[in-house]
Amino acid sequence: TGYYGDGLNAIIVFAACFLPDSSRADYNYVMENLFLYVISTLELMVAEDYMIVYLNGATPRRRMPGLGWMKKCYQMIDRRLRKNLKSFIIVHPSWFIRTILALTRPFISSKFSSKIQYVNTLSELREMIPMEYVHIPDSIVK
């Protein structure tokens, strides 16, 4: 997480490879608390515009968040946070992620849909954002 540009423009990096395994007995509890942590952090950090960089590389399917969890996240983010989100960049998108987003597109606003960008390589990401503020885990770099 860091800031870029003139104002308090935040870059929030979310590495899916560090999410808990869905086979955990307490998976729903952990994901619920993770969501609350993410929302409270966003509300504290975001003063102006922000972007989310979702690192999907090196993530087994059992660690990817489910559709229900993503829908709940979207619904619970307040209007100010949705409005100030400038882009949601998905790095190394799998066919699963692309399919989920294609299926949910009719249910989310067209404004939000237009903020979603797919990036296939880290060099492509470097062309879009200042990488000095983004920490990429070694497992994803490999």
Side-chain angles (χ1 to χ4, degrees), residues 1-5 7-126 128-142:
T1 302
Y3 294 93
Y4 68 97
L8 291 176
N9 301 309
I11 298 176
I12 290 109
V13 179
F14 193 84
C17 60
F18 296 127
L19 288 173
D21 194 300
S22 60
S23 64
R24 288 177 59 131
D26 61 349
Y27 179 77
N28 289 331
Y29 172 80
V30 170
M31 290 301 282
E32 182 78 23
N33 283 289
L34 175 64
F35 168 73
L36 294 173
Y37 171 76
V38 168
I39 293 301
S40 61
T41 303
L42 275 177
E43 287 172 349
L44 290 172
M45 284 189 62
V46 175
E48 294 182 17
D49 297 343
Y50 72 105
M51 67 175 65
I52 295 175
V53 176
Y54 176 84
L55 301 170
N56 191 60
T59 305
R61 171 95 186 275
R62 67 185 187 278
R63 290 191 185 268
M64 288 183 194
L67 181 57
W69 187 79
M70 289 190 285
K71 181 182 174 189
K72 187 175 182 180
C73 288
Y74 176 75
Q75 289 171 338
M76 287 186 68
I77 293 173
D78 78 25
R79 187 180 176 284
R80 177 185 70 89
L81 285 175
R82 276 199 293 247
K83 193 178 126 234
N84 289 3
L85 177 66
K86 291 306 161 203
S87 60
F88 185 88
I89 302 169
I90 301 171
V91 182
H92 302 125
S94 63
W95 69 268
F96 177 73
I97 293 281
R98 288 179 186 262
T99 303
I100 293 281
L101 287 171
L103 291 172
T104 58
R105 211 167 276 259
F107 306 106
I108 57 178
S109 75
S110 57
K111 277 187 181 178
F112 184 81
S113 291
S114 68
K115 296 175 184 184
I116 299 171
Q117 297 176 279
Y118 295 118
V119 173
N120 295 312
T121 64
L122 293 175
S123 56
E124 196 179 326
L125 182 64
R126 274 187 203 90
M128 298 173 71
I129 63 171
M131 291 296 281
E132 62 268 21
Y133 302 111
V134 178
H135 170 71
I136 307 289
D138 291 338
S139 59
I140 293 171
V141 170
K142 290 175 188 168

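Please read these numbers as outputs of a predicted model, since none were measured by experiment. Residue numbers start at 1 and run along the sequence shown.
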Could you tell me which non-hydrogen atom of Ala58 sits nearest to which non-hydrogen atom of Cys17, and how far apart they are? O-CB, 3.4 Å
List the atom of Arg98, the atom of Pro93, and the distance in Å for their closest heavy-atom pair. NH2-CG, 3.4 Å
From Leu55 atom CG to Leu125 atom CG, the distance as rounded to the nearest 0.5 Å: 7.5 Å
CG (Asp49) and NZ (Lys83) are apart, to the nearest 0.5 Å, by 9.0 Å
Val13 vs His135, side-chain contact (heavy atoms from CB on, under 4.5 Å): CA-CA, chis, key distance, verdict: CA-CA 8 Å; Val13 179; His135 170 71; over 6 Å; no
Would a 4.5 Å heavy-atom cut-off, applied to side chains only, mark Met64 and Ile97 as touching? yes
With a 4.5 Å cut-off on side-chain heavy atoms, are Met31 and Pro65 touching? yes
Please report the closest heavy-atom contact between Pro20 and Tyr27, naming both atoms and the distance. O-CE1, 3.6 Å
NZ-CD distance between Lys86 and Gln117, expressed to the nearest 0.5 angstrom: 12.5 Å
When you compare the side chain of Leu101 with that of Ile90, does any pair of heavy atoms fall below 4.5 Å? yes
So Arg82 and Ser109, do their side chains get closer than 4.5 Å, heavy atoms only? no
Tell me the closest heavy-atom pair linking Gly57 and Ile140, and the distance in Å. O-CG1, 3.4 Å
Atom CZ of Arg61: over 12 foreign heavy atoms under 6.0 Å: no
Please tell me if the side chains of Leu122 and His92 come closer than 4.5 Å, counting only heavy atoms from C-beta onward. yes
Non-hydrogen side-chain atoms of Leu19 and Leu34 separated by less than 4.5 Å: yes
Heavy-atom donor-acceptor pair, Ser114 side chain to Phe112 backbone, under 3.5 Å: no
Contact between Asp78 and Glu43 at the side-chain level, heavy atoms closer than 4.5 Å - yes or no? yes
Atom pair CD1 (Ile89) and CD1 (Ile129), whose distance is rounded to the nearest 0.5 Å: 5.0 Å
Please determine whether the number of non-hydrogen atoms from other residues, nucleotides or ligands lying under 6.0 Å from atom OH of Tyr118 exceeds 12. yes
Min side-chain heavy-atom separation Leu85-Tyr50 under 4.5 Å: yes
Using modelled atom types only, decide if a donor and an acceptor are shared between the side chain of Ser22 and the backbone of Arg62 within a distance under 3.5 Å. yes
So Tyr54 and Phe14, would you call those rings parallel, tilted or perpendicular, with 30° and 60° as cut-offs? parallel
Once rounded to the nearest 0.5 Å, what's the spacing between atom CD1 of Ile77 and atom CG of Leu42? 6.5 Å
